[in-house]
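Report on the structure given below.
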Amino acid sequence: MIKNLVIVESPAKAKTIEKFLGNEFIVRSSFGHIVDLNSKKLSVDVEQDFAPQYEVSPDKKKLVTELKKMAKEAELVWLASDEDREGEAISWHLFNTLGLKAESSKRIVFHEITKTAILNAIEHPRSIDKNLVDAQQARRVLDRLVGYELSPLLWKKVKPSLSAGRVQSVAVRLIVEREEEIKNFESVSYFRTLAEFQIQGKKGQTIIAEYSERFKSAEEAETFLKKQVSGLFSVHSVEKKPGKKSPAPPFTTSTLQQEASRKLGYSVANTMRIAQNLYESGLITYMRTDSVNLSDLALNTTRAEVEKLYGSEYVKTRRFKTKNKGAQEAHEAIRPTYIDRTSIEGSREVKKLYDLIWKRTVASQMSEARLEKTNVEIQSTEADKMFVAQGEVIKFDGFLKVYSEGTDEENGDHPEGLLPEIHKGDDLNLIQMSTTEKFTKHPARYTEASLVRKLEELGIGRPSTYAPTISTIQKREYVVKEDRQGTQRKFQEFVLKDGKVTAKTGSEMTGNEKSKLFPTDIGTLVNKFLMQYFDNILDYNFTAHVEKEFDAIADGQKEWNDMIKNFYGPFHDKVEDTLNNSGKFSGERLLGTDPKTGKNVYVKIGRYGAMAQIGDTDSDEKPAFAGLQKDQSVETITLAEALKLFAFPRSLGEFEGAEVTVAIGRFGPYVKHNKLFFSIKKDKNPSSLTLDEAIEIIHEKREAEKNKIIKSFKEDDKVQVLNGRYGAYLTIDGQNYKIPKDKEAASLSLEDCYEIAKDPKNLPKKRGFKKKK
DNA sequence: CAGTGAGCGAGCTTCCGCTTGACTT
């Protein structure tokens with residue numbers, strides 16, 4: 001007989017709480033939502049007040065059966081899902097699905113996993129807040145209607161299998177628009193002037209200052225420098241001002257992702273995987289949170305730790321308030337569970353992330369750094385404006401002590417950090433002055449992490465969806481994350497030294513990009529389509545606007561079905577109208593005419609992606625088609641490049657009595673020989689590939705094939721033991737089997753292989769998600 | 001995995017948020 005059954009959302013949380021509660025309580029987890037709308041259908045009854053048709057999620061069936069049984073046996077069931085919109089809905093679904101009764105179930109909430117918080121929650125149960133549940137239903141239904149009406153429209157008008165949604169489509173829009181800004185950006189050059197002086201009478205004491213005017217042209221810059229040949233320099237003013245710096249608040253999901261990207265180079269998904277690992281080992285608190293709040297327990301232990309490690313002058317207890325409006329704050333900030341664990345065991349990447357979290361948490365509870373800022377103005381007898389040098393000296397490091405231990409570039413020594421002792425009226429000797437051409441920079445492309453920051457700022461998406469959203473827009477091929485090589489750029493420079501001005505030119509790399517998000521042709525096209533017909537949903541304020549309505553529903557001021565009705569009417573009309581009254585949206589671009597045939601040459605997005613086309617679709621003759629290559633774009637491809645694509649398939653000659661051809665397929669360029677395909681690697685150009693090179697590619701592939709075979713059998717050539725991406729596996733007549741862990745792949749006999757194939761356990765499991773293409 | 005692209009039509013694709021494993025050839 002179970003006395004008390006407590007249900008929380010996360011199994012790791014269940015384990016911890018069970019320890020606090022003693023043996024009259026059993027704690028189980030729901031693993032998040034247990035019911036959802038069916039993914040194959042709309043599952044919203046538009047005619048019946050938008051009634052959602054919930055089903056137990058397929059992967060939760062077994063769990064629900066177990067929980068049902070336990071709930072029946074228990075005297076009291078405590079619904080302890082998170083204290084936010086989704087959490088309230090989870091409790092409500094548990095109540096309905098498990099068949100609970102009001103008199104034998106209670107709803108409790110806590111937003112930190114400490115003994116006091118839990119015991120306090122048990123003392124103050126409440127009932128399920130149906131208004132909050134309704135706000136969640138509105139959110140769920142709205143997202144379903146938008147996603148499941150817009151996506152099929154895209155399948156018809158643009159390309160199959162595409163998707164659109166309240167969150168992902170705005171993420172794509174941000175990236176597309178940033179790229180447009182960059183394309184339209186006109187870089188302007190200017191000249192920046194730096195001078196190095198020596199303080200008279202003080203050997204070796206130098207100071208570097210910048211002239212406070214930037215010159216627009218090389219002529220202006222050169223004239224200025226020539227004038228300075230006869231200049232006399234002295235200190236016009238020295239101003240010292242105290243300053244201070246305060247630590248950042250503890251981590252939320254979004255700030256953790258940003259910092260781990262900046263300082264450790266982790267992708268957003270990688271950070272979350274490692275954090276999950278730390279959480280499950282009990283080393284950090286929950287990693288999907290929008291709160292910067294620390295529990296009293298955490299504040300106290302951190303204070304003690306700071307005092308122990310650095311002394312009492314470094315202690316400053318702070319409570320941070322979240323500035324983020326959409327925050328629901330069901331959890332604490334991300335922090336080490338035990339702050340006195342200054343380091344942990346594990347892989348390098350796990351240790352580094354823990355270290356980052358530890359430092360950020362500790363620093364947040366330390367005193368501010370005190371600085372002294374110095375501003376020196378230097379005058380020239382030959383110039384109207386001042387040369388300025390700025391210095392910053394740390395008088396008391398405070399929280400910076402913790403950061404300076406790591407490899408943190410942001411707080412590394414600034415060259416202007418230290419200024420020599422200098423006074424008003426000091427005379428200065430000019431050592432050297434230079435004026436260098438610089439260029440204004442276009443706005444930065446998004447990284448995964450900076451995109452998350454922007455989404456959070458707009459209140460779009462939640463801690464649990466930032467990483468999946470970024471993966472979705474890449475999976476749909478709306479955006480790609482990649483490195484791109486920049487170009488060399490020349491710049492001019494004038495140097496004044498020993499009374500002479502010399503002109504120089506230099507060259508520098510510009511436009512190098514590392515792990516940045518670029519829109520693809522299809523991403524750009526889908527965005528254009530959605531902006532044309534559904535700009536209200538792509539509006540950066542759309543989410544903020546509906547969130548206000550969800551809040552009104554949660555406050556009981558609005559019925560959720562009314563809200564959905566008001567939205568759905570015009571939205572659905574627009575979907576229907578677009579469906580019936582607009583043609584295919586292919587982004588077609590006329591490049592020119594084919595010199596051979598005189599026919600028009602187009603590029604556009606088709607059923608299988610970007611393609612070039614010779615001839616008109618409505619003419620009697622069927623047009624010729626050719627797919628674009630991976631690195632080509634509908635936006636930038638030229639007529640000559642497009643025409644080249646039609647030179648395939650191209651015959652190279654004969655090899656071993658069969659024709660060798662080169663062509664470009666769905667997966668890039670390939671060589672075909674004897675009905676076999678051989679991919680051409682990126683370093684070779686298919687347009688200029690020779691027969692010899694093709695034969696070499698064939699030999700390489702054959703060699704690789706040979707190494708792939710661990711074992712084959714004369715008696716039955718259908719049976720092979722092969723080396724795959726995930727280790728050895730067995731294949732019989734095209735069907736693959738796993739090799740049990742207790743068997744050695746290389747020493748399998750033919751009988752062993754048959755034996756393995758008999759056991760259905762060794763069949764590869766079907767993937768949980770859909771196959772690619 | 002590799003011959004496509006109009007149109008015919010079958011059958012498929014798709015959302016956001018809450019949570020972990022299971023497991024890929």
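So you know, we letter chains A, B, ... as the sequences are listed, proteins then strands, and number each from 1. No hydrogens, no waters, no symmetry mates; every other heavy atom, side chains included, goes into these values.
Closest approach of A:Ala658 and A:Asn674 over heavy atoms only: CB-OD1, 3.5 Å.
Using a 4.0 Å heavy-atom criterion, one finds that A:Ser30 contacts no nucleic acid atom at all. Within 4.0 Å of A:Asp59, counting heavy atoms only, lies no atom of the nucleic acid at all. Contacts of A:Ser81 with the nucleic acid, taken as non-hydrogen atoms under 4.0 Å apart, are absent. Across all strands, A:Ala663 comes closer than 4.0 Å to no nucleic acid atom at all (heavy-atom distances). Here A:Val146 lies out of heavy-atom contact (under 4.0 Å) with every strand. Contact annotation for A:Gly609: base contact, defined as any heavy-atom pair under 4.0 Å involving a base atom. Across all strands, A:Gly461 comes closer than 4.0 Å only to sugar-phosphate atoms, never to a base (heavy-atom distances).
At a cut-off of 3.5 angstrom, counting only N and O atoms as typed in the model, there is a donor on one side and an acceptor on the other between the side-chain of A:Arg139 and the base of B:dC16. Counting atom types as modelled, A:Arg140 pairs a side-chain N or O with a base atom of B:dC15 as donor and acceptor under 3.5 Å. Remark: the A:Ser163 side chain and the B:dT14 base include no donor-acceptor N/O pair separated by less than 3.5 Å.
Ring pair A:Tyr670/A:Phe678: centre-to-centre distance not below 6.0 Å.
By the 5.5 angstrom centroid cut-off and the 30-degree plane limit, A:Trp155 is classified as stacked against the base of B:dT13. Remark: ring of A:Tyr148 stacked against base of B:dT14; centroid gap under 5.5 Å, plane tilt under 30°.
Using a 4.0 Å cut-off, some side-chain N or O of A:Tyr286 falls inside it from OP1 or OP2 of B:dT19. Put simply, A:Thr617 has no side-chain N or O that comes within less than 4.0 Å of OP1 or OP2 on B:dA6. A:Arg273 has no side-chain polar atom (N or O) that falls below the 4.0 Å cut-off from OP1 or OP2 of B:dG21. Side-chain nitrogen and oxygen atoms of A:Arg476 include none within less than 4.0 Å of the OP1 or OP2 phosphate oxygen of B:dT13. Between A:Thr465 and B:dG17 there is a side-chain N or O to OP1 or OP2 distance below 4.0 Å. For A:Arg166 and B:dG17, the shortest distance from a side-chain N or O to OP1 or OP2 is below 4.0 Å. Under 4.0 angstrom from either OP1 or OP2 of B:dT14 there lies no side-chain N or O belonging to A:Arg144. Within the 4.0 Å cut-off from OP1 or OP2 of B:dG5, at least one side-chain nitrogen or oxygen of A:Lys622 is found. An OP1 or OP2 oxygen of B:dG3 is reached within less than 4.0 angstrom by no side-chain nitrogen or oxygen of A:Lys672. Look at A:Gln276 and you'll find a side-chain N or O under 4.0 angstrom from OP1 or OP2 of B:dT20. In this structure, A:Gln168 reaches the B:dC16 phosphate: one of its side-chain N or O atoms is under 4.0 Å from OP1 or OP2. At the phosphate of B:dC16, neither OP1 nor OP2 sits under 4.0 Å from any side-chain N or O atom of A:Thr469.
For the pair A:Asp594 and A:Lys599, the salt-bridge criterion is not met [side-chain N within less than 4.0 Å of a carboxylate O]. Checked for salt-bridge contact, A:Lys13 and A:Asp82 meet the test: a charged N lies under 4.0 Å from a carboxylate O.
DNA chain B is contacted by both A:Lys604 and A:Thr472; A:Lys604 maps to the nucleotide lying nearer its 5′ end (nearest heavy atom per residue).
Between B:dC1 and B:dT24, the two P atoms lie 16 Å apart (nearest whole Å).
In this structure, A:Arg173 forms a cation-pi arrangement with A:Tyr540, its terminal cationic atom sitting closer than 6.0 Å to the ring centre and no more than 45° off the ring axis.
Comparing B:dT20, B:dG5, B:dC16 against the side chain of A:Arg288 picks out B:dT20 as the nearest. Distance from the side chain of A:Met287 is smallest to B:dT20 among B:dT19, B:dG3, B:dT20. Nearest nucleotide to the A:Phe625 side chain, out of B:dT20, B:dG17, B:dG5: B:dG5.
Taking the six-membered ring where tryptophan is involved, the planes of A:Phe571 and A:Phe567 are essentially parallel, since the angle between them stays under 30° and well short of 60°.
For the residue pair A:Ser651 / A:Glu659, a side-chain donor-acceptor distance below 3.5 Å is found, with atom types taken as modelled.
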